[in-house]
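Since the structure comes first, as structure tokens, the remarks are kept for the end.
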Amino acid sequence: MNSSVSHRQKRNLREWLCRDSVAGVICTMPFIIGLVFFLIVPMLLSGYYAFCDYNILAPAKWAGLKNFARMFTADTKFFKSLEVTLFYAFVSVPLRLTFALAVAMILLRNSRLTGIYRAAYYLPSIIGGSVAVAILWKRMFAIDGTFNAVLGMLGIESRTAWLGNVSTAIWMLILLSVWQFGSSMLIFLSSLKQIPQTLYEAARVDGAIGIQQFFRITLPLLTPTIFFNLVMQMINGFLAFSQSYIITQGKPMNSTLFYVVHMYQQGFEFFKAGYASALAWIMLLIIGAFTGFLFLTKRYWVYEGGA
Amino acid sequence: MKKASVFFSLLLVMCLMCTAVMAETHLNVAWWGNQVRNDSTQAVLDLYTKETGTTFDVTMNSFGDYWTTLATASAGGQLPDVLQHSTAYIQQYVDNNLLLDLTPYVESGALDTANIGENILDLGRMNGGLYGLCVGTNSMACLYNKTLLKEAGIEIHDLMTMDEFMAVCREVYEKTGYKTDLGYGTESFFNYVTRGLGKPLFVDGKLGIGQEEAEYFYGLYEKAVQEGWLLGGDVFASLVAGSVEQNPMVYGSSPETMSWCAFNWSNQLKAMQAAAPEGVELALTTLPSPDPVKSGFVACSMYFSIAASTANPDESVRFLNYFVNSVEANKILLAERGIPVSSVVGEAIAGDLDPLTQTVVAFVNNVVVPNSSETPKPDPDGASEIFALSRELVEQISYGALSAKDAAKTLIDTANDVFSR
């Protein structure tokens, strides 16, 4: 009798485990644990620290809105870094997307080398974010760097320190970002392929030439993809860190000081973790507001299918 | 039932194994440094393990990452038992009660300081206790390209005043085209100059200088920009900050991007010489100052401290004692952390040092020690912010975007804000 009870228990356990809801939770556990412990808990903690004086070494002390007040009254770099970040995001993202779309259009044509081209153009996206390329960039645009040497060979004498000049440094970072167009390009490429050929045929019959086809058919049908790329890349643009941190460290004269670099300096160089947390939450609000704005305006310019 | 018994016996075995490991003393040691230091320190730890059975877990990092790691560890109450410390941060750790006062161990004799000068022990005394034992001394130095000066026929001497030094900079620029890295980003140069004016940079955790001293300091850069020999932000923008290999004294392809000298710590001479191009011989002299003797000081290149949270204070002290006083250990370390503080150890290893290190030791002992003043106190909390600001101000002056007067005013205003928080 004993054994039959335990047998039944076992069966019940198995049934319980095999229920969709239970099995699902168990299988997603690794993700849920990661989400809770590495994202939710730290976020809640940083939300608390944002209202504290916290230097990591000593326990956090409640300070109310002090950190936020400091941001808007005493920290001149807050506005400077915000300005730099917005400029970077609003210039580099549209440039990158335009470039990605142009290259995708070219690669759409089938030739025997298409596969190689696609791989080659995707390569910068993989290596472009790396520290090695960042350091390479730094050397390439130095006074005695490759770029000036090439200009010299072309007969243009240049002694510009591209990364050391206030008006050019940010453009070097934008260039690096535009160069990493590969992932957007692949997404464009796949949606370009999904545009039915019949539309183009119909347009040709109606007498639409190439440029008209692009603006009347290709672009409208791509708007969902453009929207997706825009949202993702903008968020990435706001959060840009490594290029500035490794290549310029915000120099010269804070002209490349990205918001996240400023935050990092406050948190891990001056050990003002409370203030850095407050900065992080403001960034979250800005990104949230901006993404919300994109979604609100979506219906005015994104083609959602149908009539 | 059977499964359960197997499980519990396994658990029991594991617990026993854990206690066996616990019984053997185990210390966590952390330091920042380079490959040479990592190798030699590890060799000393291995030797100590062989002699005493104490085992080690080590954490080694670059200077920047070290402090991030340490701060995070302290937040979790997990500071290493024995940790290398710096004048830049030790005050903050002491203020937050994170370090162990070593005074009782010195009194009991567990930490033998008989051969260590009282002035050197004083460098680790803060808030009424001994919180760091200085393990090596060095001094600020102006490292320079001796070959270049020789070829140009320019002579310099130790203890140059600011005016003499700036005349040399002009002459070097006119004759060779080489510019001068006037302590760009070298934090300690600021204090070095203001000491020469009779005002230390920090006094009692506050800014010790006024508009006049700050203006003098930034005026040096302003003048250098006007005369054209300052190596400024445009060159440094494409170099890796703090890297010996990319220091403009040894790195660059044309004189206009290079410097004839570098302001650094005396013990960096060896690393810098290793990075120098073939045929370039480096040497060292004192930093320029309005009054070199008032400015000069023997510095504690680094401390070893023990965490207040350590579970093994006695064993940590025993190891520290060994590290500082053992001749055998220091024959492996070879004064890489600065000149050994124990006079007995210093004499015992003198013959084992390579010629460059001997030059540095002779420089500190014969030039700096007789011509120096009191060593500055460790930097107060907030100093890193002041130094970061000062670097930015110098950068702006180097672009001609800021006057020395405005820079000085910005510094004073910001410092008042930082230290009033």
Side-chain angles (χ1 to χ4, degrees), chain A residues 45 49 53-60 63 66 70 73-77 80 131 134-135 137-149 159-169 172 246-257 264-273 275, chain B residues 64-65 67-77 79 89 92-99 185 232-243 246 251-258 381-389 391-393 395-399 401-402 410 413-414 417-418 421:
Chain A
L45 274 176
Y49 290 145
D53 266 337
Y54 182 45
N55 68 358
I56 308 182
L57 295 179
K66 196 178 124 189
R70 204 170 96 75
T73 55
D75 184 2
T76 51
K77 280 198 197 169
K80 179 72 193 172
V131 174
I135 289 172
W137 221 251
K138 202 168 176 153
R139 290 308 308 159
M140 257 173 67
F141 294 103
I143 294 183
D144 48 0
T146 324
F147 190 64
N148 278 346
R159 302 309 291 168
T160 312
W162 298 95
L163 285 166
N165 190 311
V166 183
S167 51
T168 57
M172 298 302 116
I246 298 166
I247 303 180
T248 58
Q249 278 148 350
K251 290 170 196 167
M253 297 206 275
N254 297 330
S255 66
T256 60
L257 184 75
Y264 177 87
Q265 284 175 346
Q266 293 294 327
F268 292 107
E269 282 172 27
F270 308 145
F271 295 108
K272 285 195 225 149
Y275 185 60
Chain B
D65 295 337
W67 300 107
T68 318
T69 316
L70 216 54
T72 336
S74 85
L79 276 183
Y89 292 102
Q92 241 175 305
Y93 279 71
V94 173
D95 288 345
N96 287 309
N97 303 318
L98 294 167
L99 302 180
D234 51 347
V235 172
F236 285 98
S238 52
L239 300 173
V240 174
S243 151
Q246 290 205 4
Y251 182 86
S253 57
S254 65
E256 65 180 320
T257 64
M258 295 185 72
D381 194 359
S384 57
E385 252 184 291
I386 303 296
F387 287 131
L389 172 70
R391 275 198 295 273
E392 278 172 27
L393 296 172
E395 188 193 19
Q396 294 186 29
I397 295 171
S398 84
Y399 280 102
L402 190 70
T410 309
D413 290 348
T414 312
D417 176 46
V418 167
R421 282 205 297 270

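Lettering of chains follows the sequences in order, A, B, ..., and the numbering in each one begins at 1.
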> Considering all heavy atoms of both residues, which atom of Leu57(A) and which atom of Ser74(B) are nearest to each other, and what is their separation?
Replying inline: CD2-OG, 3.2 Å

>> Using heavy-atom distances under 4.5 Å, tell me whether Tyr89(B) contacts chain A through its side chain, its backbone, both, or neither.
In response: side chain

>> Just to verify, which of Lys251(A), Lys77(A), Met253(A) counts as forming a side chain to side chain contact (heavy atoms under 4.5 Å, CB included) with Glu392(B)?
In response: Lys77(A)

>> Less than 4.5 Å to any heavy atom of chain B: does that hold for the side chain of Phe141(A), its backbone, both, or neither?
In response: neither

>> Given heavy-atom pairs under 4.5 angstrom as the criterion, report whether the side chain, backbone, both or neither of Asp234(B) touches chain A.
In response: both

>> How close do Ala71(B) and Ile56(A) get, counting heavy atoms only, and between which atoms?
In response: O-CG2, 3.1 Å

> Considering only heavy atoms, which portion of Leu239(B) lies under 4.5 Å from any heavy atom of chain A: side chain, backbone, both, or neither?
Replying inline: both

> What part of Ala73(B) gets closer than 4.5 Å to chain A, counting heavy atoms only: side chain, backbone, both or neither?
Replying inline: neither

>> Let me confirm one number: the CG-OG1 distance from Asp144(A) to Thr257(B), rounded to the nearest 0.5 Å.
In response: 4.5 Å

> Counting heavy-atom pairs under 4.5 Å to chain A, which of Gly233(B), Gly232(B), Ser253(B) comes out on top?
Replying inline: Ser253(B)

> Do you know the tightest heavy-atom contact between Tyr399(B) and Asn165(A)?
Replying inline: OH-N, 4.2 Å

> What residues, two or more places apart in sequence or in another chain, satisfy ring-ring contact (aromatic ring centres under 6.0 Å, His included) together with Tyr275(A)?
Replying inline: none

>> Quick check on Asn55(A) against chain B: is it the side chain, the backbone, both or neither that has a heavy atom closer than 4.5 Å?
In response: side chain

>> Counting only non-hydrogen atoms closer than 4.5 Å, does Ser398(B) touch chain A with its backbone (N, CA, C, O), its side chain (CB onward), both, or neither?
In response: neither

> Based on non-hydrogen pairs under 4.5 Å, which of Lys66(A), Arg70(A), Arg139(A) is most in contact with chain B?
Replying inline: Arg139(A)

>> Restricting to non-hydrogen atoms, name the atom on Asn96(B) and the atom on Ala58(A) that form the minimum distance, rounded to 0.1 Å.
In response: OD1-CB, 3.1 Å

>> Just verifying a value: how many Å separate Phe271(A) CZ and Leu70(B) CG, rounded to the nearest 0.5 Å?
In response: 8.5 Å

> Heavy-atom distance under 4.5 Å between the side chains of Glu385(B) and Glu269(A), does that happen here?
Replying inline: no

> Atom CD in Glu395(B), atom CG in Asn254(A): separation rounded to 0.5 Å?
Replying inline: 7.0 Å

>> Please classify the contact between Ile135(A) and chain B as side chain, backbone, both or neither, with a heavy-atom cut-off of under 4.5 Å.
In response: neither

>> Measuring from atom CZ of Phe270(A) to atom CD1 of Ile386(B), what distance do you get when rounded to the nearest 0.5 angstrom?
In response: 9.5 Å

> How far apart are the closest heavy atoms of Ser238(B) and Lys138(A), and which atoms are they?
Replying inline: CB-O, 3.4 Å

